[in-house]
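Read the structure below first, then the notes.
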Amino acid sequence: MSIRANTIRTKGSDRSVEVLVMEEVVRPPTKKRWNFKRICVFCGSKSGSKPIFSDATVELGKQLVERNIDLVYGGGSKGLMGLISKTVFDGGCHVLGVIPKALMPYEISGTTNGDIKIVSSMHERKKEMEKQADAFIALPGGYGTMEEVLEIITWHQLGIHGKPVGVLNVDGYFNSLIELFNKGVEEGFIGDAERQIIVSAETPAELMKKMEEYVQVHDGAAYGLIWEEGRAGSIESGPGPSLT
């Protein structure tokens with residue numbers, strides 16, 4: 001969304017009035033490639049009912065290791081969270097888990113992989129994960145995973161960050177969510193540029209390629225909102241990955 005000024009002349013008068021008009025602007029793509037250092041993965045504390053969910057999680061972890069990308073995740077040792085953290089940690093990359101103290105008895109069992117940062121609330125957890133990561137990927141999961149990825153999309157829309165957000169659509173798990181996004185565009189609640197905040201793919205390799213080639217066409221900074229630490233939502237703002 002951007003703001004432009006239009007000058008109009010009132011009927012039967014020589015006086016002109018300047019009005020502000022808000023319009024959506026799709027920015028032209030730029031030929032840059034993301035070079036991620038840390039990616040945050042949102043995923044379930046359960047493994048799901050199909051082996052393909054675990055297989056895709058392990059493969060995503062291997063893709064991160066191949067690219068020497070560190071992992072930021074929800075801190076649990078169960079389910080897909082445990083799998084992604086173990087795969088990346090065993091591959092030699094750094095792992096940082098961020099977990100609220102209240103969830104530790106429910107999401108941690110036995111040994112954890114890498115470092116764990118304990119926070120006081122769910123909001124603090126998401127804030128810390130966003131701060132630490134250069135991009136975000138959602139694997140299959142429950143309400144918590146859905147809420148995390150939707151909030152991080154919203155933060156991009158509002159200009160809190162300008163980092164890529166990806167959905168690994170394993171076995172069509174996110175089909176209904178993606179259809180809902182498209183329905184939002186169709187019904188006029190989500191702009192065309194806002195819809196392009198999120199990318200999706202069916203395999204980890206395809207998703208990583210799309211995210212590395214991601215071009216930000218929605219600029220949340222155009223809203224004119226100033227968030228904490230003075231960060232606005234352009235790709236160049238704040239600490240993060242390099243673009244080559």
Side-chain angles (χ1 to χ4, degrees), residues 1-11 16-32 34 40-43 122-123 126-127 129-130 133-202 206-207 209-228 231-238 240:
M1 191 75 68
S2 68
I3 300 175
R4 60 180 172 84
N6 267 8
T7 301
I8 62 174
R9 194 176 303 276
T10 58
K11 186 176 182 180
S16 60
V17 179
E18 187 176 78
V19 296
L20 297 179
V21 180
M22 297 192 73
E23 62 176 7
E24 185 177 39
V25 175
V26 178
R27 298 177 178 272
T30 57
K31 297 294 183 180
K32 293 183 178 179
W34 291 83
C40 174
V41 175
F42 304 125
C43 58
M122 296 292 285
H123 180 74
K126 288 176 288 187
K127 179 180 176 182
M129 293 165 86
E130 187 277 323
D134 300 331
F136 310 90
I137 292 176
L139 282 166
Y143 288 140
T145 300
M146 301 289 186
E147 186 270 341
E148 286 168 335
V149 70
L150 287 173
E151 183 156 3
I152 213 68
I153 293 169
T154 303
W155 288 6
H156 188 136
Q157 178 185 358
L158 294 176
I160 296 174
H161 73 83
K163 306 168 185 176
V165 182
V167 167
L168 185 55
N169 192 20
V170 182
D171 198 35
Y173 183 79
F174 287 108
N175 280 351
S176 296
L177 183 62
I178 293 169
E179 290 173 6
L180 180 61
F181 294 154
N182 294 335
K183 183 67 172 178
V185 175
E186 179 185 338
E187 300 293 350
F189 291 102
I190 299 174
D192 290 334
E194 294 166 353
R195 173 61 181 87
Q196 296 182 57
I197 289 173
I198 188 169
V199 298
S200 63
E202 296 180 358
E206 181 186 1
L207 183 62
K209 182 176 185 294
K210 283 186 174 183
M211 293 182 68
E212 288 166 347
E213 297 173 351
Y214 171 76
V215 176
Q216 183 183 12
V217 295
H218 171 78
D219 186 1
Y223 281 110
L225 304 176
I226 303 299
W227 301 97
E228 59 183 336
R231 290 186 297 155
S234 63
I235 285 180
E236 293 81 13
S237 65

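The chain is numbered in sequence order, starting from 1.
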Listed pairs under 3.5 Å, donor-acceptor, residues 136-150 side chains, sequence neighbours left out:
unit_1	atom_1	unit_2	atom_2	d
Thr145	OG1	Cys43	O	3.3
Glu147	OE1	Lys126	NZ	3.3
Glu147	OE2	Lys126	NZ	2.4

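- From Ile160, atom CD1 reaches atom NZ of Lys127 across 10.5 Å, with rounding to the nearest 0.5 Å.
- Side-chain contact between Glu130 and Ile152: present, with at least one pair of heavy atoms (C-beta onward) separated by less than 4.5 Å.
- No side-chain heavy atom of Gln216 sits less than 4.5 Å from a side-chain heavy atom of Gln196.
- The shortest side-chain heavy-atom distance between His123 and Glu151 falls under the 4.5 Å cut-off.
- One distance of note links CD1 of Ile198 with CG of Leu177; it measures 6.5 Å at 0.5 Å rounding.
- With rounding to the nearest 0.5 Å, the separation of NE2 in His161 from CG in Asp134 is 12.0 Å.
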Requested in this report: Start with the C-alpha gap between Met129 and Phe42, add the side-chain angles, then the distance that decides, and say whether side-chain contact (heavy atoms from CB on, under 4.5 Å) holds.
Outcome: CA-CA 10 Å; Met129 293 165 86; Phe42 304 125; 3.7 Å; yes
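- Panel note: side chain Lys210, backbone Ala201; no donor-acceptor pair is recorded below 3.5 Å.
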Name every donor-acceptor pair, under 3.5 Å, that has one atom in a side chain of residues 181-189 and the other anywhere in the protein, sequence neighbours excluded.
unit_1	atom_1	unit_2	atom_2	d
Asn182	OD1	Arg195	NE	2.8
Asn182	OD1	Arg195	NH2	3.3
Asn182	ND2	Ile178	O	3.4
Lys183	NZ	Glu187	OE2	3.0

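- Interatomic distance, CD of Glu194 versus CG of Leu158, reported as 9.0 Å (0.5 Å rounding).
- Residues passing the side chain to side chain donor-acceptor pair (under 3.5 Å) test with Lys209 are Glu213, sequence neighbours excluded.
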Query raised in the report: Would Val199 and Val167 count as a side-chain contact (heavy atoms from CB on, under 4.5 Å) if you check the C-alpha gap in whole Å, the side-chain angles of each, and the deciding distance to 0.1 Å?
Result: CA-CA 6 Å; Val199 298; Val167 167; over 6 Å; no
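- In this structure, the side chains of Trp34 and Met211 stay at 4.5 Å or more apart for every pair of heavy atoms.
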